[in-house]
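Since the structure comes first, as structure tokens, the remarks are kept for the end.
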Protein chains: 2
Amino acid sequence: MKDIARRAGVSESAVSFALNDRPGVSDITRDRVRRVAEQLGWRPSTAARALSGEGAATVGLVVARPAGTLGVDSFFLQLISGIQEVLAERQLGLLFQVVEDVTAECAVYRRWWAEHRVDGVLVVDPRTDDPRPELLAELGLPGVVTGGVPDPGRPQRPGLSTVWADDAGAMASVVGHLHALGHRRVVHIAGLPGLAHTERRVRTLRAEAERRGLTEVRSVTTDYSDAEGAAVTRRVLGAEAPPTALVYDNDVMAVAGVAAAASLGFAVPADVSVVAWEDSALCRMVHPWLTALSRDTVSFGRTAARELLGLLDDGPAGTVQVPLPRLIERESTAAARTP
Amino acid sequence: MKDIARRAGVSESAVSFALNDRPGVSDITRDRVRRVAEQLGWRPSTAARALSGEGAATVGLVVARPAGTLGVDSFFLQLISGIQEVLAERQLGLLFQVVEDVTAECAVYRRWWAEHRVDGVLVVDPRTDDPRPELLAELGLPGVVTGGVPDPGRPQRPGLSTVWADDAGAMASVVGHLHALGHRRVVHIAGLPGLAHTERRVRTLRAEAERRGLTEVRSVTTDYSDAEGAAVTRRVLGAEAPPTALVYDNDVMAVAGVAAAASLGFAVPADVSVVAWEDSALCRMVHPWLTALSRDTVSFGRTAARELLGLLDDGPAGTVQVPLPRLIERESTAAARTP
DNA sequence: GCAGAAAGCTAAAGCGCTTTAGGCTGAGCC
DNA sequence: GGCTCAGCCTAAAGCGCTTTAGCTTTCTGC
């Protein structure tokens, strides 16, 4: 900047004003400064900017999942793609970290904030009894919780937005679909038990079942892995009165489940119907093609990022809902076999 | 730091010396300062550190893949997991960005370096005629190219290390396996044409085929997607004298290929053998289980990160090779049907 | 014609840290 | 005793930017 100032024949402050579109310099000077800056290939040093109170121009994302569980579904990379798209518009960086558990995640937030590394964070995989919103509030670190369930009991925290999908509505549509096909015995192979949306799906399933008078409907939680998906499938299909429909909380388990079912002699959908929560290429790679709940994860990421940007601009914290996932009916669901 | 200095009754410089393990303070003072710092929950501001010439304590990773192609395989998240593990030891951050193409990637490197945002970068997906090593050298930005092929013709660039896997050796082992099973007509469904390892696999395949006198062996490039994998599979199996073995450059295409083959009435492995390059849960989710080349991607990431750390410590640039992928023989390869 | 406002600019401080030059003290040596 | 020298410490500059206060010049309105 000193160079620019010298070459343009003005003071450093004038350069700063000119390049940041702040009043205090004439248009002529502004143009001149801009040209010189361009010519010199100048770029502001984020460090210096951050130091003089401008923020770090970076948002953080930390993912807490046990090591093995990460790579299996395409959810995160899709989400990140969406986030990036929005951040790129403002040349904001994304600081990314993978940790083992929520405790470590909290430590990372603390550190990042203390080190002035980020201006805000995106919180994923909200949990029941989640310590993170509390922590962010305490620190004063702006954040967007994505995928959570807004709690009408709790007042909106300032600086903490929520982006959520209506898992309850989606589950209702799945149950509706299966019920209409005549299924009465349904098992829901859910994801990690601590996650808020797992909880919500489980609760909704139970409520919907009761509403319809279905007594043989239940959920089993897993770690989202293909291994557990297959294991649980074998277990429930091996029982006395096996379910006629299975709802899996992700695509990977659904695919593994279909294979497991086949190995026990259960044909899909003739003997058992299968629904995958989360659509992906996988669902069209197996036979039969899987009926799946499809949502636009990339745009989910975009929405979350946009919400965070709003917060960083001192906008109000809010709660935004993304579109209800659509149930794509393919070949893996059919009328229940009449006993 | 000012607070610490005051409370410990020393100057700010003494605090700096004490906390950075630099000589110039007595052990007693050092301890006292440390205790005060701890008590105050002090953390150095990365911005200030960076500004006074210490580097940004951050490394960059940019992935250039067309939007859709990203989420399909688990490669990147695994790689990132490994990278993180090593970076975490030193509390280095990972700045992550997804872009459309290599041109955009280069722009990001330029910007990051100009803005002093990163101390070094990890370059993935090396290409034939790759502009990136040149750019890094020009900028003086330390980097590690992962997955490349070391070019003995070119001298080692200072500040640019290479971590590579022996794709040629792996391809040789695949061809050996198939040849031993009596396969004479093989099609290799490769990945993106511009990538260095694609090129290398294609060339090695041809060389190995020639060496063994196989004339009906060839490669077809794709975009790694399940869709193209299936399409190519249908095309080659529909030809006059269809191949008896297919080698896929990733797991996703292999799985899609098996499904496509089945839909044409080809049984695996009775009519056609299948090998997947890259093992994953997917390969054990389909029937038959896929014979696959397995490598430890997480440790690949670790190695790359470690190499970059070495570079940041002013260590010498080097070329390190990771272990040869192992061929895991499962159910999808068998003796070629004798015509 | 003159007070006062507005515009355009500069000087200087400050962000939180590192680092260099230098000051003071006491020990060791002739 | 006076010398040096090491050890411990401080003062101050500097990293690259923003921002506030203040200064000069020109414009405006009566």
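Quick note: numbers below take in every heavy atom, side chains included, and nothing from hydrogens, waters or symmetry partners. The shown structure was predicted, so the numbers you read here are calculated from the model rather than taken from an experiment.
One interatomic measurement links the two molecules: CG of A:Asp27 to C1' of C:dA7, which rounds to 12 Å at whole-angstrom precision. Taking atom NE2 on B:His116 and atom P on D:dG16, their separation rounds to 7 Å, with Å as the unit. Rounded to an integer number of Å, the gap from CZ of A:Arg117 to C1' of C:dG16 is 15 Å.
Residue order along DNA chain D, read from the 5' end via each residue's closest nucleotide, puts B:Thr29 first among B:Thr29 and A:Ala47.
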In sequence, state the C-alpha distance, the side-chain angles, and the governing distance for A:Asp27 and A:Arg34, and then conclude on salt bridge (Lys or Arg N to Asp or Glu O under 4.0 Å).
CA-CA 10 Å; A:Asp27 287 353; A:Arg34 282 234 186 89; over 6 Å; no
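Between B:Glu54 atom CD and B:His116 atom NE2 the span is 14.0 Å, to the nearest 0.5 Å. Between A:Trp42 atom CH2 and A:Asp3 atom CG the span is 12.0 Å, to the nearest 0.5 Å. Note that the CG atom of A:Leu311 and the CD atom of A:Glu307 stand 7.0 Å from one another [nearest 0.5 Å].
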With B for base contact, S for sugar-phosphate-only contact and - for none (protein heavy atoms under 4.0 Å), nucleotides 17-24 of chain D reads BBBB----
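In this structure, A:Glu85 and A:Arg302 approach most closely via the heavy-atom pair OE1-NH1, 2.6 Å. For the pair B:Gln91 and A:Arg111, the tightest heavy-atom approach, listed with the atom from each and the gap, is OE1-CD, 3.1 Å.
Rounded to 10°, the helix from C:dG1-D:dC30 to C:dC30-D:dG1 has 50° between the axis fitted to its first five pairs and the one fitted to its last five.
For the side-chain contact (heavy atoms from CB on, under 4.5 Å) test, residues two or more places apart in sequence or in another chain that qualify with B:Ser26 are B:Ile28, B:Thr29.
The side chain to side chain contact (heavy atoms under 4.5 Å, CB included) test with B:Leu195 singles out one residue from B:Asp125, B:Thr128, B:Asp130, and that residue is B:Asp125.
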